[in-house]
Q: 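Okay, here's the structure, questions in a sec.
In what follows, chains are A, B, ... by sequence order, proteins preceding strands, each numbered from 1.
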4 protein chains.
Amino acid sequence: MNETRRSVSLNPATVKTRRCVSFCDTLGAVPTPDPGRRSERARKAILDATLALLHESGYPDLTVEKIAARAGVGKQTIYRWWSGRGAVVLDALVEEIGEAGPPALPDTGDLEADLRLVVRAIVAELADPRLSVTTRALTIETLSSETFATTMRDRLLRPQLDTIKDRLRGRVREDVDLDQAVELLIGPMYHRWMMRTGPLTEAYADGIVDLALAALRPR
Amino acid sequence: MNETRRSVSLNPATVKTRRCVSFCDTLGAVPTPDPGRRSERARKAILDATLALLHESGYPDLTVEKIAARAGVGKQTIYRWWSGRGAVVLDALVEEIGEAGPPALPDTGDLEADLRLVVRAIVAELADPRLSVTTRALTIETLSSETFATTMRDRLLRPQLDTIKDRLRGRVREDVDLDQAVELLIGPMYHRWMMRTGPLTEAYADGIVDLALAALRPR
Amino acid sequence: MNETRRSVSLNPATVKTRRCVSFCDTLGAVPTPDPGRRSERARKAILDATLALLHESGYPDLTVEKIAARAGVGKQTIYRWWSGRGAVVLDALVEEIGEAGPPALPDTGDLEADLRLVVRAIVAELADPRLSVTTRALTIETLSSETFATTMRDRLLRPQLDTIKDRLRGRVREDVDLDQAVELLIGPMYHRWMMRTGPLTEAYADGIVDLALAALRPR
Amino acid sequence: MNETRRSVSLNPATVKTRRCVSFCDTLGAVPTPDPGRRSERARKAILDATLALLHESGYPDLTVEKIAARAGVGKQTIYRWWSGRGAVVLDALVEEIGEAGPPALPDTGDLEADLRLVVRAIVAELADPRLSVTTRALTIETLSSETFATTMRDRLLRPQLDTIKDRLRGRVREDVDLDQAVELLIGPMYHRWMMRTGPLTEAYADGIVDLALAALRPR
DNA sequence: TTATAAGCGAGACGGTACGTCGCGTCTTACT
DNA sequence: AGTAAGACGCGACGTACCGTCTCGCTTATAA
């Protein structure tokens, strides 16, 4: 595979560095007005605009003002229902992923083959600059806000990890903690992706699966 | 006192160096003024102020203007020698870690015992909110800027990973890629830390070491 | 002495942009809903809330939204019957003054003594910050809207001026225009009050009466 | 001869909904940064833009944001030196009037003729919608903010009144207070203008002068 | 030994985005 | 139909920082 790792982010010399946290640690604490009166039209327009802008210009250039303008919506309508940029992005991505349905993990009976598929898919997504913008955005926001981290973990991450976890259950050494097992599979990829310590290729994905299975497989 | 803290996770054997040195060398974007005339007083004040603010209010609240004010320095003096907030933070952390000395990886001959020590130390640091601010800051900046990511990886991360890599060399299965091996050890921890998917305890550290060694150990 | 107005509280407050409006009766711009179904309870609550807020925080801080909130009324109920803040205020003040009854101008037969009384009363009211808020509010709205000005002039001001005019009739030089005569008496006070060009004292009131009578009295 | 005033006013027919404002009562209290560093270019651009917008669209449509945009200036540069819209307008008008020089009051030796000229000029200005916009704006602001009132009175009004005052000195009854005398001349006009209680014509101007002189002239 | 040019502190500048307030309109559910 | 409640699109507010740009004022060579 190629090394065309892309960069969502820009050179610090040319980019107006903005504060990474627009998310104000009040994710669940938005005054929550009566949701019955909420305009579904506005909600949808906002989430759509967010995704569009995110894919067009990346997370650092995403602003509440641009979202509002693109969505044809007043800023207040955004702040009424979300606490800030991060919260909107999270919802937008949840929506996006939700539409795509739950992550499909094949069950061929062959654990190694199945895992290889999943891990390769994740690696491919991380390696693709277009696809990984959102992951990058979520990760930044996760690091910036504890509240965001919690929500993001429960709404987006956990379901995906659980899928893998369920798949491993009963198929690995009995003394192994399943959460640790999943992280053994997932963690190295994310680390390499974030730190750019090496190429994200299919070969790499396979290597990780081999190593993980070597550790997990019943003897 | 802060001198006592050492960042196991980020320790570079190298930079005790100083002077000019900002990672803007690699950037080339800054017009490189005459380093001979640079005020050491200002440089130190800036880095100190940066660390102080970082520990007081965290990375998201850190701004160039605040650094300048706290350091009693003109903003231009910052922009003259660094390309922005991220660059200053990187230098500040390099300084901080440099003072703490190189990371000590014991060599008892017992690979498992040695790794257990290192991994436990890293987990301990990540688990401590006070200590992990800096790692958090670096990670955010890494995700935000490719240039930063490169510098950070080469100057801070690589040396540390190489220390572990060297220790593993010749002591693991021959068909294992050493970079992958290191990430197998390190990645899960960082993932759990970032995503808050579980507790960061000594037991967890030991579990990771067990799993990794199960995968790596020659049969 | 007769109180033509009462008012309370002054405070030219903070910076804010507000909309002033035209008065709706004359405007005809309001779709004139069926007045038969109008809620007297709401009407009263709105006017009361308006007066209360006016006296508490002054005209610049008075907003339609605050009136509605204080009155326990939907904003639409205000906009249905009035064209905006100014119109509500005018009605509220008409109500307030109406309750106090029409201004009584004593008729002792001594023109100078009578005028002295009236002019002193007006000066006293203008000098009292608490009482002059309402005058201030009406004047601002008058300056802002021609429609309001007309209504306000006809409903509030003219009756008062006519009272004085009637008293002067036949008691001043024959060649004098009575409207000008009244303004000669009234104008200077308002000018001094608005522009704060000097103290508003009884002595001043008397001085004005003296001057005006010197101009008006038959030789 | 130059025009002593320029000012402008709003066509009553076009008035519907407008904004009134209050001046934030901190006119003299702006933190006053070092005026030595102040950019004359920016200052001039702001005042020019303010006058232009004022004459184009009137006071109610004047906003700080528009001034900044038109002047090619950051909003902060306005707020750094003024407390708000009212303060800028005041300065702009002072500048405008300052450039025109002090109000020229002819001294023909014939007091009545001279006063007739002045009063006719004022009446003409008030009667002209285009010219009286600014007077209207200043009056609203004066009524809304005590601080504004003070500054406006001292910087704009007093000089003009003093010109008339000086002219009256020694030419009127000795027992007359000169401030009251000036207000006797000026007050009725402003009252009629504001309250729209009658036409503002030359005949009216002359009538006021006749009445005032009847009161003031030594017997 | 000056002059001279660099870095320096200070902070104003043109901007962008923030999060809030209030406008006047529109919608919903209730009376 | 009028009402209480309040969301909506909009526009302006006043603030925070961005990165750039003068200003004097040291201060360390090079003339």
Q: Of all the choices, F/dC8, E/dT25, E/dG11, which nucleotide is nearest to the side chain of B/Gln76 once you look at every atom?
A: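 Nearest listed nucleotide: E/dG11.
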
Q: With distance as the sole criterion, do the side chain of D/Lys75 and the base of E/dG15 form a donor-acceptor contact below 3.5 Å?
A: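 Per atom types, no contact qualifies.
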
Q: For A/Ala45 and A/Ala71, work out which heavy atoms get closest and say how close.
A: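 In terms of heavy atoms, the two residues are closest at O-CB, 3.5 Å.
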
Q: Figure out the CD1/C1' separation between C/Ile67 and E/dG24, and round it to whole Å.
A: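 These atoms are roughly 14 Å apart.
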
Q: Quick one, which residues of residues 45-52 of chain A touch DNA chain E with a heavy atom under 4.0 Å?
A: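 None - not one residue of the stretch has a heavy atom sitting under 4.0 Å from the strand.
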
Q: Rounding to a whole Å, what distance do you find between D/Asp61:CG and F/dC13:P?
A: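 These atoms are roughly 12 Å apart.
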
Q: Do B/Ile46 and B/Trp81 have side-chain heavy atoms sitting under 4.5 Å apart?
A: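 In short, these two side chains do not touch, never coming nearer than 4.5 Å.
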
Q: Counting side-chain heavy atoms from CB outward, which of E/dC23, F/dC18, E/dG14 is closest to D/Thr77?
A: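 Side chain of D/Thr77 sits closest to E/dG14.
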
Q: Choose from F/dT3, E/dC13, E/dA17 the nucleotide whose nearest atom is closest to any side-chain atom of A/Lys66.
A: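 The answer is E/dA17, which lies nearest to the side chain.
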
Q: Whole-Å distance between E/dG11 P and B/Ile78 CD1?
A: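 After rounding, the gap between these two atoms is 15 Å.
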
Q: Figure out the CD/P separation between D/Glu65 and E/dT16, and round it to whole Å.
A: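 Going from CD in D/Glu65 over to P in E/dT16 covers 12 Å.
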
Q: D/Trp82 CH2 to F/dC13 P: how many Å, rounded?
A: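 Distance, rounded to whole Å: 15 Å.
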
Q: Check each of C/Leu138, C/Val89, C/Leu143 against C/Phe148 using the side chain to side chain contact (heavy atoms under 4.5 Å, CB included) test, and report the only one that passes.
A: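 Testing each of C/Leu138, C/Val89, C/Leu143 against C/Phe148, the sole residue satisfying side chain to side chain contact (heavy atoms under 4.5 Å, CB included) is C/Leu138.
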
Q: With distance as the sole test, does D/Lys66 use its side chain to make a donor-acceptor pair with the main-chain N or O of D/Thr50 at under 3.5 Å?
A: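 Not confirmed, D/Lys66 side chain does not pair with D/Thr50 backbone.
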
Q: Has C/Thr77 got a side-chain atom pairing as donor or acceptor with C/Val73's backbone, closer than 3.5 angstrom?
A: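 Such a contact is absent between C/Thr77 side chain and C/Val73 backbone.
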
Q: Rounded to whole angstrom units, what separation is found between the CZ atom of D/Arg80 and the P atom of E/dG15?
A: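 Checked: the CZ to P distance equals 14 Å.
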
Q: Side chain of B/Arg38, heavy atoms from C-beta onward: which of E/dC8, F/dA4, F/dC17 has the nearest atom to it?
A: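 Closest of the options to the side chain of B/Arg38: E/dC8.
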
Q: So, is A/Trp81 close to the F/dC8 phosphate, meaning a side-chain N or O under 4.0 Å from OP1 or OP2?
A: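 Answer yes for this pair, as a side-chain N or O of A/Trp81 is under 4.0 Å from OP1 or OP2.
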
Q: With no hydrogens and no angle check, is any side-chain donor or acceptor of A/Ser83 less than 3.5 Å from a backbone partner on A/Tyr79?
A: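 The answer is no, because no donor-acceptor pair under 3.5 Å joins these two groups.
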
Q: I'd like to know if C/Arg85 and C/Glu65 make a salt bridge, using a cut-off of under 4.0 Å between side-chain N and carboxylate O.
A: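 Salt bridge flag = no for C/Glu65 with C/Arg85.
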
Q: What N/O pairs connect the protein and nucleotides 24-31 of chain F at under 3.5 Å? Give each pair on its own line.
A:
none

Q: Tell me whether C/Glu95 is salt-bridged to C/Arg43, with the criterion being a basic N under 4.0 Å from an acidic carboxylate O.
A: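 Yes, C/Glu95 and C/Arg43 are salt-bridged.
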
Q: Between B/Leu53 (CG) and F/dC17 (P), how many Å, whole number?
A: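 It is 11 Å, rounded to the nearest whole Å.
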
Q: Tell me the interatomic distance from C/Arg43, atom CZ, to F/dG2, atom C1', rounded to whole angstroms.
A: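 In whole Å, F/dG2 C1' lies 16 Å from C/Arg43 CZ.
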
Q: Nearest nucleotide by nearest heavy atom, which residue falls closer to the 5' end of DNA chain E, D/Gly72 or A/Val64?
A: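 With A/Val64 and D/Gly72 compared, the 5'-side residue is D/Gly72.
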
